[in-house]
Number of protein chains: 2
Amino acid sequence: MKTALIGAGNVAWHLGKALYQAGHEVVAVYSPTESHREELARELSTAIPVASPDLTTTEAKLVLIAIPDAALASVASSLKVKEGTIVAHTSGSQSLTVLQGVTGARIGVFYPLQTFSKTKPIDFKTIPVLLEAEYEQTLQILQDVASSISDEVLQVDSTKRKQLHLAAVFACNFTNHLLGISRELLEQSSLPITLLQPLIKETIKKAMQQHPFQVQTGPAVRYDQNVIADHLHMLQSQPLYQQLYQVLTQSIQAQHPKDQNPVA
Amino acid sequence: MKTALIGAGNVAWHLGKALYQAGHEVVAVYSPTESHREELARELSTAIPVASPDLTTTEAKLVLIAIPDAALASVASSLKVKEGTIVAHTSGSQSLTVLQGVTGARIGVFYPLQTFSKTKPIDFKTIPVLLEAEYEQTLQILQDVASSISDEVLQVDSTKRKQLHLAAVFACNFTNHLLGISRELLEQSSLPITLLQPLIKETIKKAMQQHPFQVQTGPAVRYDQNVIADHLHMLQSQPLYQQLYQVLTQSIQAQHPKDQNPVA
């Protein structure tokens, strides 16, 4: 499939390489930054760096837009493609309809569910790719392309993708914040920050093998009031962490009513 | 070092095996449950299962207590050892002084920082062991034993161990709860529960390589009010999750003031 990339950041970089390695021809790379588009085009051998988002002179049948969410609407409005070209964005939080302004395009979403760093090689085969399109025929083509680079391809509409994004906020963004607080607490006591890493790894591993609610441990699920009171006291100079501790404890206990977990 | 184990659960099981493999002689295993003490004693070859916590007739120089926190005080009060025997418990949340009632003992703490499952083999070498003792001489002996089974041995007093425990509650117990909420959200939309796993793994990996606060992503740190409002609306039928979302967002934003993170 002859493909053009809009963007030359982390996502475009990894996506372009995965497509190239799967035998697709990347014919063009657009980025407003000359060095960026040239660097990625060089990496993809057959690609031509283009200086404007006008792809009508290229042979691209598929245009993948991999740019920051905030720039999506404005780049979409200036994008020019041949009639019938498939144009898909790669964002998890943006709806399909943000591409409605692209004249003559058959629009879709091609969302690889992962965080990318340009310098870090990644096995694209293991990355879920979430697809959406207005028309079945478009979806089928996106499906073929996605399946050639990933082993896990799913059709997910905008509503479900939004729910997935919410789930990711809890599992990744919020979890990351808690790990930050934990590190801060270790640093406050001059404890080595690596000390909890084996335990964290084991916790995550376990949570992937069983429902996390079924393997919940700690003072909250044990209704261990002495320890909870102690912890809240230790957090009294950090009121937001104290509040977090309280609400998290409350939520765990609501999930695990006392009489149902006598020995937890 | 001739050692006796009090308890035959997950911790005693892994600890006993690690000691045995490091060349220590486990001379006795006490558990009130006959089948448990016999099973573990068999596993440790030279150990004798004993039916009461009276170890005065054994050659044990070190007694390690690996039983549930709640049973610790009562078992300690019924424990009998020869004068000068080192008696250490393996609990993260209990103070050293809980062992003060053991007559003639030199008391200590020998806390392996990990969650254990009996059926799952574990590399003890990578598990931090946290030590505490009343006397330097006791500590030195615990240090020698711990170093023979683990590559990471630390002396940590009760105050620091308590702070470590609080940090572990944030990094493990609370994180596990968030992963449970995330899984629930996926299930509510009939999305595969494995979908977020590559992203979670990458998040944890990144949080161990850099300070989590420095790699924070998501709508909170971006001050993306549209997405935040959307998410809170989606959680309106789950008020505790909604409250959690709000407090976590507030805490992330307090950590990352808006004007300091214009492009986060």
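Throughout, a chain's letter reflects where its sequence line sits, starting with A, and its residues are numbered from 1.
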Atom of A/L195, atom of B/P128 and distance for their closest heavy-atom approach:
O-CG, 3.5 Å

What one should report as the nearest heavy-atom pair of B/L199 and A/C172 is CG-SG, 3.7 Å

Partner chain A: residue of [options] with the largest heavy-atom pair count (under 4.5 Å):
options                        : value
B/I181, B/L240, B/L186, B/L248 : B/L248
B/I193, B/I122, B/L113         : B/L113
B/L130, B/L166, B/V156         : B/L166

At a heavy-atom distance under 4.5 Å, which candidate from A/P68, A/A168, A/G180 has the highest pair count against chain B?
A/G180

Among A/L178, A/L235, A/L191, A/I200, the residue with the most heavy-atom pairs under 4.5 Å to chain B is A/L178

With a 4.5 angstrom heavy-atom cut-off, could you sort out which part of [X] is near chain B: side chain, backbone, both or neither?
X      : value
A/V215 : both
A/P192 : side chain
A/L154 : side chain
A/V247 : both

I'd like a table of the N/O donor-acceptor pairs between chain A and chain B - cut-off under 3.5 Å, distance only.
residue : atom : partner : partner atom : Å
A/Q114  : NE2  : B/P198  : O            : 3.3
A/K120  : NZ   : B/E202  : OE2          : 2.7
A/K160  : NZ   : B/S189  : O            : 3.1
A/K162  : NZ   : B/D230  : OD2          : 3.0
A/Q163  : NE2  : B/L185  : O            : 3.0
A/Q163  : NE2  : B/Q188  : OE1          : 3.3
A/A167  : O    : B/S182  : OG           : 3.1
A/N173  : O    : B/Q216  : NE2          : 2.9
A/N173  : ND2  : B/T217  : O            : 3.2
A/N173  : ND2  : B/T217  : OG1          : 3.1
A/N176  : ND2  : B/P212  : O            : 2.9
A/N176  : ND2  : B/Q216  : OE1          : 2.9
A/H177  : NE2  : B/S251  : OG           : 2.7
A/S182  : OG   : B/A167  : O            : 3.1
A/L185  : O    : B/Q163  : NE2          : 3.0
A/Q188  : OE1  : B/Q163  : NE2          : 3.4
A/S189  : O    : B/K160  : NZ           : 3.2
A/P198  : O    : B/Q114  : NE2          : 3.3
A/E202  : OE2  : B/K120  : NZ           : 2.7
A/P212  : O    : B/N176  : ND2          : 2.9
A/Q216  : OE1  : B/N176  : ND2          : 2.9
A/Q216  : NE2  : B/N173  : O            : 2.9
A/T217  : O    : B/N173  : ND2          : 3.2
A/T217  : OG1  : B/N173  : ND2          : 3.1
A/D230  : OD2  : B/K162  : NZ           : 3.0
A/Y241  : OH   : B/Q255  : OE1          : 3.2
A/S251  : OG   : B/H177  : NE2          : 2.7
A/Q255  : OE1  : B/Y241  : OH           : 3.2

Residue list, side chain to side chain contact (heavy atoms under 4.5 Å, CB included) with B/A146, at least two apart or on another chain:
B/F110, B/V129, B/L131, B/V153

Answer whether the closest heavy-atom distance between the side chains of B/I127 and A/P198 falls below 4.5 Å.
no

With a 4.5 Å cut-off on side-chain heavy atoms, are B/V227 and A/V169 touching?
no

Does anything in residues 167-177 of chain A form a salt bridge (charged side-chain N to carboxylate O under 4.0 Å, His left out)? List the pairs, not counting sequence neighbours.
none

